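Everything below concerns the one structure shown next.
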Amino acid sequence: MPVIDVASLLPLLIAIPLIGAIFSVLLSTKYAQVLIGLLSALALVLVIGLILVNLPSVDTEFTTPLRYVLAGWEAPLGIALSLDGFSALLLSLTVFLVTVLTFYSAFYFAASPARVRFWPLWWLLVAGINALFLSADIFNVYVTLEIIGLAAVALVALSGNKAGLTAALRYLLVGLLGSLCYLLAVALLYHVYGTLDFAQLAAKAESNPLSWAALALITVGLVLKTALVPLHFWLPHAHGSAPAPVSAILSALVVKASFYLLVRFWMEILAPAVTNEALMLLGILGGTAILWGCVQALRAKRLKLMVAYSTVAQIGYLFLLFPLLMSTEEASASQLAAQQQSALAAVSYFIVAHACAKAAMFIAAGNIIHSLGHDDIAKLQGMAKYMPLSLFTFAIAGGSLIGLPPSAGFIAKWLLLNVAIDTHQWWWVVIILTGGLLAALAIFRVLDQAFIKPEQASDHVAPDNWQKVPVAMPVSGLALALCTMALGFNADLIIDLIAIEGGE
Amino acid sequence: MMWQSTLPLLILLSALVSGVAIFFVSDNKPILRKTLNFFGAGSCVGLILVMISGVYQGQVFETRLPLLPNMDLVLHADALSLLFVALSGFLWLLTTIYAIGYLEQSPNRSRFFGFFSLCVFATIGVALAGNLITFLIFYELLTLTTYPLVVHKGNKASLAAGRKYLIYTMLGGASLLAGVVWLKALAGSLDFTATGILASMPHLDPFHLKVIFALIIIGLGVKAALIPLHGWLPSAMAAPAPVSALLHAVAVVKAGAFGIVRVVYDVYGVEFAQELGLTIILAVMASVTIVYGSTRAVFQDDLKRRLAYSTVSQVSYIALGTAIAGPIATIGGIAHLVHQGLMKITMFFCAGSIAETLGVTKVSQMNGAGKRMPLTMLAFSLAVLGMIGIPPAAGFISKWYLGTGALEAGFYWVLGVLIISSLLNATYFLPILYAAWFKPQQGAWPKEKPKGRLETHWMLMLPPVVTALLALSAGLFADAQFSPLNWVKLIAAREYGSEFVSILAASSQQIPAMWLALGAPLLCALLLVRKQMQQVAHWFLPLSAGIALLAYAISGQGSNTTPWLFFGSVLTLNDTTSTFFLLAVSLWLLAAVFAVNFVKADERKVRFCLFFLLAMCGNFGLVLAQDISGFISFFTLMSLASYGLVVHFDTDEAHQAGKSYMQWAVLGELLLFTGLAGLAFGSIDPSLAGNPEQTYPAWVIGFLLAGFGVKAGLFGLHVWLPMAHPVAPVAASALLSGVMVKAGLLGWLKFIPFGEVAFATYGSVLVVLGLFAAFFGVLVGVTQDNPKALLAYSTMSQMGILIAAVGVGLKYPELWSLLLPAIVLYAVHHGLAKAALFLFAGMNSTLTWHKYRWVCWLAAALPAAALAGLPLTSGAVAKIALKDVVERDLLMGTVLPLTATGTTWLMMRFLQLIAQKQPKKVTGQPDVLQLGAYGTLLILVTVLSYLISQANGTWANHLTAASFWSSAWPVLLGLGIYFITRALPAGDINVAYTEAGSLVRLGAETLSQGLKLLKDEIENTSWQLPQRVVCRQARVVGLAMAAVRSLMTPGVLFALLLCMLLLAMIAAR
Amino acid sequence: MTQALLYGVFGIALFGIGLFGVLAIAHVVKKILAINICGVGVFMVFIANASSGAAPDFVPHAMVLTGIVVAVAGTAMALSLVVRINALEKPEEGA
Amino acid sequence: MFNNMTLSDSAQQEADLPGSVLLIIGMVVVAACLFLAMSLVQFQSTDQPLVTLVVSNLEQSGVENPVTAVLLNFRSYDTLLEVAVLLIVALAVMPFSLQDTRLPFIKVSEPVERSLVLEAFLRWLLPAIIVTSGYLLWTGAVLPGGAFQAGALLAGAGILLLLAGHHSFNFNAPTARLLLVVGLAMFLLVGAGVVLSSGIALAYPVAMAGMLILVIEVAATITIAAVLVLLFCALQIEPLGPQPNRVEKEKHS
C-alpha cells in the first residue's frame, strides 16, 4: 500500500522548477544560480523517486492513472493532473536528463555571460515539459506547449549569432503555427464534446467529421513541432546551433513532448476517429524520415548538424508506432490491445534510448566545440588521442543510435522489430535495419576521422590551440552514455512501467 | 548454490573490469597496466579452470538476468561453450604476453589493451551465451570492440580495413538481427538446448525457417568469412600482429563459426536442419570457401595475407563439420575450432615476430629465416604441418574426423574437398618452410633488430612456442582424457545422445622396452638443442639405434596398448613385425655406424642428425604400430624426415629430387588419408561388422594400394624414387632403399585384409604393374652411369617383384598364409642386400683396391650375387620361396624367373661401374667404422635369410638339383645379356612426365597470355561497366590457369588418379 | 445558419487566410502578422462556440484571454528576434 | 516554407514562391478550410455542460465575474502558466548585462528633447491612469476587467513616462527583476499556501477566495505591466535613451 498519497506530489514536479526559475531570476550570481539549479534538480529527483517507489505496480489491481485535481474543481470545470505509466516514464526520463544536464551546464556556462538568462529559462522549460507530461486537459496542454516552445526558442537564441537567431526565429514561427493549429482543434473539440479533459473526451469521442478535422489539425500541428519529415526543415539548424545542453534537451525531450501528445490523441483521446489508412500514412512518413534523416546525417559536414539530422531519423522510428497499432480483421480486441501495448512499449523504449544517447552525443559534441572551437567533421583527426572520454561517449551513444547491443537502442529496435514481425509488416524490418546501417555509416565516419593518427592529420589540431575542458563535462556525457548501455541490460523495469494502463 | 550462478558472470567481468580499468591508466605507467592485464587474464583463466572442474563434476553454471519480457540474458556453461571459453581465455593470456612484447614502444597502448580486453570480454560472452539473443548481443559487441583494434595503427590502410570490416560486419549484423527477431517471433524464447529447439515445434512454416536460416547464416558467415562474405578478412591484416592473431585464431572468425555451430545444433537441431535441406547448402558453401580460400592463398606473397586466406579456408572446416550431419563430423568440426585456433595463432605470432625482428613481411623474403630464428620458425613449422593435416598434428585429427564423418553421412565428395584443400595447403605452406629452412639467406634482412642472447624478445618467442607445442600435443595425445578431442566427443555425445568411448579402454604394456626403441631417437633429437650436445651428435645415431636393438633383444612378442596416445596406440611385435623390426634395426644401426665419420666432418651435421633420428623413430614406430593413426603418424614422420636426408647436400639436383620426393610424399599422404578414413569408417560402423565385403569397399582398397604404392615405388607412382635415392648421403640412400621403401609394403600388409577378401582386378593390376616395373627398372637401370642411380632402379625393379607378389595375394586369398612369409623373406633379403650395395658404392672411393683387390671384389659381388639370386645365396632362397607360392598365377609364375635374368644383368652392370670408378690412388686411412659396418652387413646378408622364422624349411627343399637349375639359368641368361649389351644412354619416365608438365604449362601460359591480351584490349576500349565485368572474368580465368600451372605434374596425375579411383568407387557400389 | 455559426465559419476563413499568409509570404514581419491573423481566426471560433448556446459559455472567454496573452508573448518574442537579427545584419550592409 | 524567410522589402519579390506553388498552397488551404467549415456547419452542438457548471459554482469562487472566476479559480492553473509564459518572453527579450545589475531600476536624467505638452499632460494623466487601473483590477471581480487589463493600462503609463524622456528603466536592476517575477511568485505562494487549509494546491478556502484572488491579481498586474514595458523597451529599433549623436543627426536631416 502506498505510504503517502502519491498524487499529491504531482504538482511539485511543476512547482519546483518554477521556484527554481524565480530564484534564478532574483539571484543572478554565478554560484547562486548553480546552487539553485542543483538544489532544484535534487528536489525533482527526490519527488520523482518518491512517486516511482509508491507507484502501484502493474501486478496489483490499481491500474488506473493517478489523478490530481487542481484547485479542487473536477473536470470539466477544472483542470486535473494525471499520471500513467507512459507519462511516468517520460517524467522520470525528464528528471534524470535534466539533472545530468544541469550538472553539465554548471560547467558549460561557467564562463559565459549567457548563464544569467540560461538558468531561469532552463527551469521554465523544465516546468513546461513536466507540466505537459502531467496535464490531462487539452487547453492546458496548449499553454504548456507554448511554454516549452517559447522557452526553447529563447534558449536557442542564447547563442546570439546570426545563424542561431535565424534558426530560433524559424523555430518560433513553426512552433506558433503548430500551436495555433492545435488550438483550433481544441476549439472544435470543445465545441463538439463540451469538455477539455482527456478522460472525458476519450469517453465521449466518436468518429465524425469534426473529430477527423480536429485530429488532422492536431496531427499537423504536432507533427510540425515534432519535426517529422517532411516538416522537419527547422530542426537541424535549431538543434545544431543551440548551446550544447540546450541542443541536448531539445533533441532528447522537447520533440518527444509533442510526440507524447500525438500518442495520447491517437491512442486514447480520439482513438475512435483513427483509421488504418491514416496510421499507415504516418508510418510511411516515419519510414521516409528514417532514411532521409540518415542520408542527410551522412552528408552533414558539421558534427552537431549530423547529430541533429540523426534526430530527424530517430523521430522517424517513433512514428513507426502508428502503423503497428493497426488492427487486423482476425485479431480479437484483447490481442489488439496487447499488440498496441507492446508497440507502445517499444516506442517508449526508443524514446528513452534516444533521449539518453542523443543527450550524450550533444554533450560530446559540445565538449569538442568547447575545446576545438569548431565541429567540422573533416578536421577532427586524432581526436581519439586528445579527447578520449568525449569520443568514447560519442561512440557508445552512437552504438545505441545504430542499435548495436548491448544498449537501450538495441532493445528498442529489438522490440520494434518484434512487433513489426508479429503484425506481418515486414517492410518496416527492412527499413529499420537499413536505417541502422546508414546510421552506422554516419557515426563511424566521425570515429574514422578521430582514429587517424595526429601526425598524419593536417595541423588543425595542434595541441596548442587545444583547450582542456573540465573533466566533469565529459564525465556527465559518459554517464549518460553508460546509462544507455545499462538500459540495454534490463528492459523489464521500463516495460513494466509502460504497462501501467492509461485511462480509457 | 550462489557461486554456480555467478561464476559465468565473474568470468565475463574479469575481462571487462580489467579492460575498463586499463583505459584509465596513462601510457606512462606500463607496470600498472601490465599488472592489470595479467591480473585480468590470469584470473579469467583461473576462473575458467574452476568452472571446467565444476562442469566435469556435473555441476550446472548458469547466470540469468532479466533482459526483456520473456527474454533473459543467459550465460550458460555447457561443454561446447566451455571449450570456446577455455580457448579464448587461455589464448588471451598468451596473446597478452605477446602483445606486450610486440607493442613495447608504440603509442596509445592503454587504448589498445583496453579494447583488447573488451574484445576478449565479448568473445567470452559469445561463448557463454545461453540463448540466441545473448549471443547476438555479445556478437555485435565483438564487432564494436574489434573496430578500434583494426584501425589502431591509424594509417590509411588500417582505416580502409576498418571501414571494410565495419561495412561487412554491420550488414551481417543487420541480417542476423532480422533473422533472430523473426525466429523469436515464431518460436519464442531461444534458449540453446542440446538437440535443438525448433524440431519440437511442428507447426512452424518450413519456408520461414529456411529464410531465417539464410539470414542468420549470412550474419554469422560474415565473421566466419564464408564466401562471398570474406572480403574484410584479408584487408584486416593491416592491424597489428597480436590483433590479427586474436582475430583469426579466436575472437572474430571463431565467433562466427561458433555461432553457426550453435544455430545448427542448438537452435535448429541438426536432424531438423537436415530435414529442411539446410545443411547441404551450408556444406556446399563451406566447401566452396575451403577451396577458394586455399586457392587464393597460393597467390599471396604477403605472409599475413597468405595466412588470412588460409584462415578463410580453414574456418570453414568448422562449418563443414557442422553441416555434415553426423556425430563424427561434428567432432571433427568442433575440434577444429580449437585446433585451428592453436595453429593459426601460432602462425600469426610467428609472422608478427618475424616482421618485428627482421622486418620480413613477404614470403619471398623469408629465405634462411630458420637459421636466424630457429625456435620461432620451428613453432611455425609445427603449426604449418598441422594445418596441412600431417599426422599426428592437431589439424590431422580434425580432418580425419571430418573425413570419416563425411563417409558416415554419405557425403563422399567432402573427402575430395578435404584432399584438394590439403593439397593446396601444402602448396602454399610448404614453400615457406622450404625457403626458411633450406634456402640460404639472400642479403641483409629488411629491418633487423640487434640480436640479443635470444633470437628475439622472449615475450614474442614464448607464446608461439607454447601454442605450437599445444597444437602438437592436441594431436599427439588426441585421445587423452583432457584433450580437446575428448571434450568434443563429450559434446557430440550430448548432441546426438550417444556415447563415444575410446575403442581401447585399458592400457597394457607387454613390451615396454619397445618404448625405449622409439624414445631413444626422439630423446637424442631433443638433446640436439643444446650446443654441447651438438658436438657429439654423430654418436647419437648409432647410440639410439643400438638402444633400439637392445630393446628388441629383450622383448618377446606382445603388444603395448596406450589409449591416450593418438587415437589409442597399439604397438605390436608378432612374426611379421618382429622380422621387419630386426631388419630395420640392424640396417639403421649399421648405417649409423657407417655414417659416424661422415657426419662428424659434415657442415650440416646437426640437421642431418636431426632428420636421421626422426626418420629412425618414424621407421621403428611404423613397423611396430598396429593401429591406423599410429601407423600413419610414424609413417609421416619418416617420410618428412627423409626429405631432410634427401636434400642434405643442398645441390640443385638434391633440391630437385627433394621437391619431387615431397610432392609425391604429400600426394601419397592424401591418398592414404582417404583410404584410411574409409577403412576407419568401415571398422567403426557397427552395422558393417563381420562383413568384410562392406567393411573394405573396393575404393578403400584402391586408395590404400595407391597411397602406400607411392612409398613402395609402384609403377606410375615411382617417379620420385630413382631421383631421391641416389642424391642422399650413402647411409641415407642405403636406408631409403633398404628399409624405408618397405614401409609401403608394410602398410599393405597391415591394413589390407589379405586372405579374407579377393580383389581380383586390383591383384591383376598389381601383378602387371609390378612385373612391368621389374623389367622397366632393369632396362632403365642399365643405362645409368651413376652406380647409386643404378641401385635405385634396381630397388624399383625388386619392389616390382614384391608388388607383384602382393598382387597375387590379392587375387588368391587362400594362398596368403603361404605367401606372407615368402614376401617377408624377400623383403628382408632385398633390404640387406640393397643396403650393402649402396654402402659399398659409397665406400668405393675410399677402398684400397690395389692392395686388397680380391677382397674388394668379393665384398662387392656377394650382395650383388645375392640380389641376382645366384644359387645358395639368400636371394635364391627368397626367390624360390616366392616362386613356389605364386606359381598358381600364370603370369607371375612364368615371368618371375625371368626377373632374375634382368637383375643379373643389372648387377653385372653395377660391378662394371664400380670397377670403372675405382680410385687410382687413395689418400688417408680407410674408415674402420665403415669397414666394420660393411663387414657385419655382409655377414647378415649371408646368414640372416636362413635364420629368420619365415625362412623355415624353404632352404632345405631348395638344395635340390632342380631348384638349383631353376635359379641358375636365369642368372646365366642375364650374364649373357650383359656381355652382349653395353653402354646405353641415361633416361627415365620422369623425363616424359616433365615434358608433359611443361606442355601443360606452356598451354596454360599461352592461354593466360591470350587472356591478358584480351584484357588489355578491353581496357583500352571506352565502355565502363561491361569492361569491369569482362576484366573480372578474365582475371578469374587467369587465376584458374595459374592454379593449373602451379599444380604441376604430380597434381595433374593426381587429379587423373583421383578421378579414376572415384570412378572405381562408384562402379564398385 | 445562426449568427454564431457564421462567426465560426468566418473564424475558420480568417485562420485560412492567415495560414496562406504564413505559407506563402516570405517577409518575416508579414509572416508574423499572418500568424496573428491565424490566431484571431482561432479566437473567433472559440467565441462563436461560446455564444452558440442559449446562455453564454464563459470558459471559452477565459481561454481566449489566455490565448491572447500567449499570442502577444509569441509575437513579441518573434519581433524581438527580428530586431536582433536586423541589428546583426545592419553592420554587414553598411560595410 | 520557412527556409526562404527575409527581412528586407526589396528581397520580397525574389523570395516569394512561384505562382503555381502559391496556387497549390491556396487550393490546399481553401480545401482544408472548406472541410472545416462544412463539418462545423453540419454539426449542431447540443449540450454545454460547462455553462451551468460555471454559474452554479460561481458563488464558491469568491468573485462574481464568471470570466474572472474561470481564469483565477476554476482554471487558475492555466493562468499560472500564462504568467510563466510572460516571464519567459521577458527573459527572452531582456537586454541582459552583468554590469547593470547594480544600477537602480529607474534612472532620471535630462531629456535630450523636451516635449513640454507631454510633460504637462503626464503630470495629471499618470495618477489618473494608475487609479483607473486600480479600478479595473478591483472591478474585475464583478464586471469585465482584471489583471491583464489593469496591467496593460499601467504599462501604458510606464511607456508614456518613458516617452517623456526624463526616465529610463534598467531591467537588470534587482527591483526590476523582482517586479518581473512577483506575479508568478505570488501565484505560486498562494497556490501552495492554500494547501495548508484546503489540502489541495490552488484551492482557495471559500471565505478567503476573493481576497486571495485580489492579492494574486495585484501581483500579476505589476508583473504584466513590467513585462509590457520591457517588451516596449526591447522592441525599440532606435533606442530612446540619451544618445545625443544620433539625435543630432536627425536634427540635421
Side-chain angles (χ1 to χ4, degrees), chain C residues 1-2 4-6 8-31 41 45 48-50 52-70 72-77 79-87 89 93, chain D residues 1-2 4-9 11-12 14-17 21-22 25-26 28-30 32-34 36-37 40-41 44-48 50-55 65-71 74-75 78-79 81-83 85-86 88-90 92-93 146 148 224 227-228 231 234-237:
Chain C
M1 189 181 273
T2 64
L5 207 56
L6 202 62
V9 169
F10 275 101
I12 287 172
L14 264 184
F15 179 81
I17 291 166
L19 189 63
F20 179 79
V22 176
L23 301 183
I25 300 174
H27 195 274
V28 170
V29 178
K30 289 182 185 169
K31 257 190 205 299
V45 175
N49 288 344
S52 63
D57 185 353
F58 297 105
V59 175
H61 286 131
M63 290 195 281
V64 168
L65 275 177
T66 310
I68 288 172
V69 176
V70 172
V72 166
T75 309
M77 192 181 246
L79 288 174
S80 89
L81 284 172
V82 171
V83 169
R84 283 169 71 187
I85 293 169
N86 221 15
E89 255 178 11
E93 281 171 14
Chain D
M1 155 166 53
F2 288 85
N4 52 353
M5 290 194 306
T6 174
L7 283 171
S8 59
D9 290 320
Q12 190 180 349
E14 305 159 28
D16 268 348
L17 297 165
V21 179
L22 286 180
I25 292 177
V28 169
V29 169
V30 167
C33 288
L34 275 178
L36 283 176
L40 194 68
V41 170
Q44 299 299 322
S45 82
T46 46
D47 60 330
Q48 283 179 309
L50 281 184
V51 176
T52 47
L53 269 176
V54 169
V55 174
N65 180 2
V67 177
T68 309
V70 172
L71 273 178
F74 301 145
R75 297 182 66 90
D78 274 348
T79 313
L81 293 182
E82 179 197 321
V83 179
V85 168
L86 286 175
I88 292 173
V89 178
V93 303
F148 195 79
I224 288 166
V227 171
L228 289 179
L231 289 182
L235 292 179
Q236 280 178 318
I237 296 175

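Quick caveat, the model's predicted, so the values are computed rather than measured. Chain identifiers are assigned alphabetically (A, B, ...) following the order of the sequence lines, protein sequences preceding nucleic acid strands; residue numbering begins at 1 within each chain.
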**Asked** Rounded to the nearest 0.5 Å, how far does OG1 of C:Thr66 lie from CG of D:Asp78?
**Response** 5.5 Å
**Message:** Nearest 0.5 angstrom please: D:Leu50 CG to C:Phe58 CZ, how far?
**Reply:** 12.0 Å
**Prompt:** Which atoms form the tightest heavy-atom contact between C:Arg84 and D:Ala92, and what is the distance?
**Reply:** NH1-O, 3.9 Å
**Prompt:** Going by heavy atoms in the side chains, are C:Leu65 and D:Phe148 under 4.5 Å from each other?
**Reply:** no
**Message:** I need the minimum non-hydrogen distance between D:Val89 and C:Ala73, along with the two atoms involved.
**Reply:** CG2-CB, 3.1 Å
**Prompt:** In a check of side chain to side chain contact (heavy atoms under 4.5 Å, CB included) between C:Asp57 and each of D:Thr52, D:Val70, D:Leu53, D:Val51, which one passes?
**Reply:** D:Val51
**Asked** For D:Val67 and C:His61, which heavy atoms make the closest approach, and how far apart are they?
**Response** CG2-CB, 4.0 Å
**Message:** As an exercise: rank D:Ala69, D:Ala37, D:Ala32, D:Pro66 by heavy-atom pairs under 4.5 Å with chain C and give me the winner.
**Reply:** D:Pro66
**Request:** Among the options D:Thr68, D:Val30, D:Val227, D:Leu40, pick out the one with the most heavy-atom pairs lying under 4.5 Å from chain C.
**Result:** D:Leu40
**Message:** Show the nearest heavy-atom pair for residues D:Leu235 and C:Ala76, with the distance to one decimal.
**Reply:** CD2-O, 3.9 Å
**Prompt:** Do the non-hydrogen side-chain atoms of D:Val54 and C:Val59 ever get within less than 4.5 Å of each other?
**Reply:** yes
**Complete:** Heavy-atom nearest pair, C:Ala62 first then D:Leu71, reads O-CD2, 3.7 Å
**Distance-minimising heavy-atom pair for C:Val69 and D:Glu82** = CG2-OE2, 3.0 Å
**Contacting region of D:Leu231 [heavy-atom separation from chain C under 4.5 Å]** = side chain
